[in-house]
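Just so we're on the same page: letters track the sequence lines, and every chain starts at 1. These numbers were taken from a predicted model, which means no experiment stands behind them.
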Amino acid sequence: MTNSIEEFEQADCIFIIGSNTSVAHPLIATRIYRAKKNGAKIIVADPRKVHISEIADIYVRQNMGTDVALLNGIMNVILSNGWHDQAFIDERTEEFEQFKKVVEAYPPEKAAEVCGVSAEDIRLIAECYGKAEKASIVYCMGITQHTTGVDNVKSLANLAMLTGSLGKESSGVNPLRGQNNVQGACDMGGLPNVLTAYQPVTSPAASEKFAKAWGVEKLSQKVGLTIPGMLEGLENDTVKALFVLGENPVVSDPDVHHVKKALEKAELLVVQDIFFTATAELADVVLPGVSFAEKDGTFSNTERRVSRVRRAVEPIGESRQDWQIIQDISNRFGYPMNYASPEDIFNEMTLLTPSYAGINYPRLEGDGIQWPCPTAEHPGTRFLHKDKIARGKGLFHAVGFLPPAEIIDQQYPFWLSTGRVFAHYHTGTMTRNSPTLDAEIAEGFLELNVDDAEKINVSNGEWVTISSRRGSIDVKAMLTKRIAQGSVFMPFHFIESCANILTNPAHDPICKIPELKVCAVNVVKRPLPA
Amino acid sequence: MDYRTVLTTCTYCGCGCNFFLEVLDGKAIGTIPCKTSPVNEGKLCIKGWNVHEFIHNEKRLKRPLLRKNGRLEEVSWDEALDYTAARLKEIKEKSGPDSIGFLTSAKVTNEENYILQKFARAGVNTNNVDHCARL
Ligand code: SF4
């Protein structure tokens, strides 16, 4: 996030798009409720009438996968009414003219045809966001899990730059990270193209610095494979081994049948986890690590705050510290490591990671620290892009609308979207093993619009069969008006009714994020067993 | 009876709420939200309030497993670690460093992410490192 969580409270306008905030990020929703009480206007745009839309001043339901059209429509209105911040654009951004040309092609009436939101509502949003002094955007996977995910994010950045709503208290673009340490995993170089703090693997200087610190002659400067790339590699035999730490791609990744097939082809699949997950079932070696309650370390939250995790109980059974397992393997492999503790690892990391350079465990006592924190005296950073945009000048991107990879047709007439429910987390390995949470919601379901249900003659709680080009599953229907006619929604936490058997692995060409938020399916009443 | 509270950070969503884990005789039995935390100011959601429940669940993995004759069997740590390291080495020698991939995790700590990508990059010499950030 460019801002801090607490800053939401002082915003004048919060535009929530593609985020089921009160379910996926409850404690951020709390701040948004307070902002509302302080007089902020709340705008929610989501194909599902998500819970937080109940406090919205403006709620709109865009068609699935049409965010760019909606956003361009909004920006068109802002420009034609002169609500943009020309001084900010001139001083701090580039490529405005090209962007403007594209946006001019999206008058609200035309945008409305594509996104299904009325021209009137588009004007209302533009006015509300465009005129606000401190305007903040909140988004989540509803924006990113599309083949046009990068376009969607660029459009939101365009919107913020257009109105100068960036680099100020309570104004910015705030992606909410889905899992607790996504931010940290990225910061630590858990990506194929960058080392820690986003230092490119292709940079000779970075590569040399790390090679020296790590005591090796040289590091590979070739960008590595993403998850879809590794799966493809397994299938065509160029990848032979996969080491999986604490992930469960057999439930979380799109087109599960295909994922399973790829993993089965691995000559060596190593899974290090705390439960026997569906992915562990396929493994050659399963290594029991420990849960957060049994370990020391740090997490970095969605507002870039680094906080301590502290060991409270002893490891269960013979399970071992995850860092020790990796160190032991590395030593046996022939690359010596000899850390004494997580703190030891952290201290080495900060020497190589400019944005964490000033952080150490003693300084994390108390409230934690928000990076960038370059020196031991630096207090940390509440909001990014103050005075100057990080890359120098903010770049406008001319982004046109592209439809989702898979479009509904006669055979698959419903749009399917996937997401979370309040009591569960990700693939459910932890929450479904917690009795209280399991009691809240014990099984998967399909949200189906009441009118659609009538058409296919299904009543609440009845079993339906839902199928896509990739597979089919049976699940109970939950009738609701939360979802629009022609669309259905399913949580992805439940392996017995695994939504990702259906989803489309087509991914964004740049960031490779799969299109989990839209695919075409058919829904019928489950035929009685013969 | 030994009762302690340990300040820590929630393992679920990206809010990163802080709470005290209540520990009675070595078992996590509850959570108390941290009032001074700038993130959650003394509040938690239903997942945070119940986060202690999975920790001692009997289904937790307790011993390493190794596939022998098609079945996963319990083995000693030495056997599991020796096997893993030896196979990784063999595969690297036979098919090259880029034939090995690593998934780090948005659910483990910064230190664990760092050490795994270091092993991949410095030990194995591949940049095939990714995690489920996109999911
Ligand atoms: S308590 Fe709830 S809101 Fe806070 S980090 Fe945990 S899951 Fe997220």
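- Contacts between B:Cys15 and chain A at a heavy-atom distance below 4.5 Å involve backbone atoms as well as side-chain atoms.
- Of the listed residues (A:Ser330, A:Gly297, A:Ser220, A:Ala241), the one with the most heavy-atom contacts under 4.5 Å to chain B is A:Ala241.
- Of the listed residues (A:Gln327, A:Gln183, A:Arg305), the greatest number of heavy-atom pairs within a distance under 4.5 Å of chain B belongs to A:Arg305.
- For chain A, the nearby part of B:Val6 is the side chain; its heavy atoms alone come within less than 4.5 Å.
- Of the atoms belonging to B:Ile115, heavy atoms from both backbone and side chain fall under 4.5 Å from chain A.
- Panel note: side chain B:Arg121, backbone A:Val201; no donor-acceptor pair is recorded below 3.5 Å.
- When heavy atoms are compared at a cutoff of 4.5 Å, B:Val75 does not approach chain A at all.
- Heavy atoms of B:Cys10 lying under 4.5 Å from chain A belong exclusively to its backbone.
- Side-chain contact of B:Asn110 with A:Thr298: a donor-acceptor pair under 3.5 Å is present, judged by distance alone.
- Residue B:Thr5 does not touch chain A at all, counting heavy-atom pairs closer than 4.5 Å.
- If you measure heavy-atom distances from B:Phe19 to chain A, the contacts under 4.5 Å come from the side chain alone.
- Taken to the nearest 0.5 Å, the OG1 atom of B:Thr84 stands 10.0 Å off from the CD1 atom of A:Ile325.
- When ring centroids are compared, B:Phe119 and A:Phe333 come within the 6.0 Å threshold.
- In the displayed structure, B:Lys62 atom NZ is contacted under 6.0 Å by more than 12 heavy atoms of other residues, nucleotides or ligands.
- A salt bridge does not link A:Asp284 to B:Arg87: none of the charged nitrogens lies less than 4.0 Å from a carboxylate oxygen.
- Between B:Lys27 and A:Glu314, none of the side-chain N atoms (NZ, or NE/NH1/NH2) sits under 4.0 Å from a carboxylate O, so this pair counts as no salt bridge.
- With B:Glu111 as the fixed residue, the side chain to side chain contact (heavy atoms under 4.5 Å, CB included) test singles out one of A:Tyr339, A:Phe346, A:Trp323: A:Phe346.
- Salt bridge A:Arg31/B:Glu41: present, at least one basic N to carboxylate O contact under 4.0 Å.
- In terms of heavy-atom pairs under 4.5 angstrom with chain B, the leader among A:Leu242, A:Thr196, A:Thr353 is A:Leu242.
- One distance of note links OG of B:Ser105 with CG of A:Asn248; it measures 10.5 Å at 0.5 Å rounding.
- Contacts with chain B were tallied for A:Glu303, A:Gln221, A:Met349; A:Met349 has the most, counting heavy-atom pairs under 4.5 Å.
- A salt bridge links A:Glu318 with B:Arg63: the distance from a Lys NZ or Arg NE/NH1/NH2 to an Asp or Glu carboxylate oxygen falls below 4.0 Å.
- Taking a 6.0 Å sphere around CD of B:Glu58, one finds it holds 12 or fewer heavy atoms contributed by other residues, nucleotides or ligands.
- In terms of heavy-atom pairs under 4.5 angstrom with chain B, the leader among A:Leu195, A:Leu352, A:Val306 is A:Leu195.
- In this structure a side-chain-to-backbone donor-acceptor pair under 3.5 Å is present from B:Arg67 to A:Ala283.
- Options A:Gly317, A:Gly184, A:Gly190, A:Gly215 differ in how many heavy-atom pairs under 4.5 Å they form with chain B, and the most are formed by A:Gly190.
- With a 4.5 angstrom heavy-atom cutoff, B:Val23 touches chain A only via side-chain atoms.
- The structure places CZ of A:Phe299 at 9.5 Å from CG of B:Asn113, a figure rounded to the nearest 0.5 Å.
- Rounding to the nearest 0.5 Å gives a distance of 9.0 Å between CG of B:Asp130 and CG of A:Leu225.
- For the pair B:Ser99 (side chain) and A:Val239 (backbone), a donor-acceptor distance under 3.5 Å is absent.
- Salt bridge A:Arg332/B:Asp78: present, at least one basic N to carboxylate O contact under 4.0 Å.
- Using a 4.5 Å cut-off between heavy atoms, B:Leu72 contacts chain A through its side chain alone, with no backbone atom that close.
- For a residue to count as touching a neighbouring chain, one of its non-hydrogen atoms must lie under 4.5 Å from one of that chain's; by this rule B:Ser95 touches chain A with the side chain only.
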When you look at A:Lys240 and B:Glu90, which way does the salt bridge (charged side-chain N to carboxylate O under 4.0 Å, His left out) test go after all the steps? CA-CA 11 Å; A:Lys240 309 273 185 191; B:Glu90 239 174 73; over 6 Å; no

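- Between the OG1 atom in B:Thr11 and the CG atom in A:Asn181 there is a gap of 9.0 Å [rounded to 0.5 Å].
- Taking OG1 of B:Thr104 as the reference point, atom CG of A:Leu191 lies at 7.0 Å (rounded to 0.5 Å).
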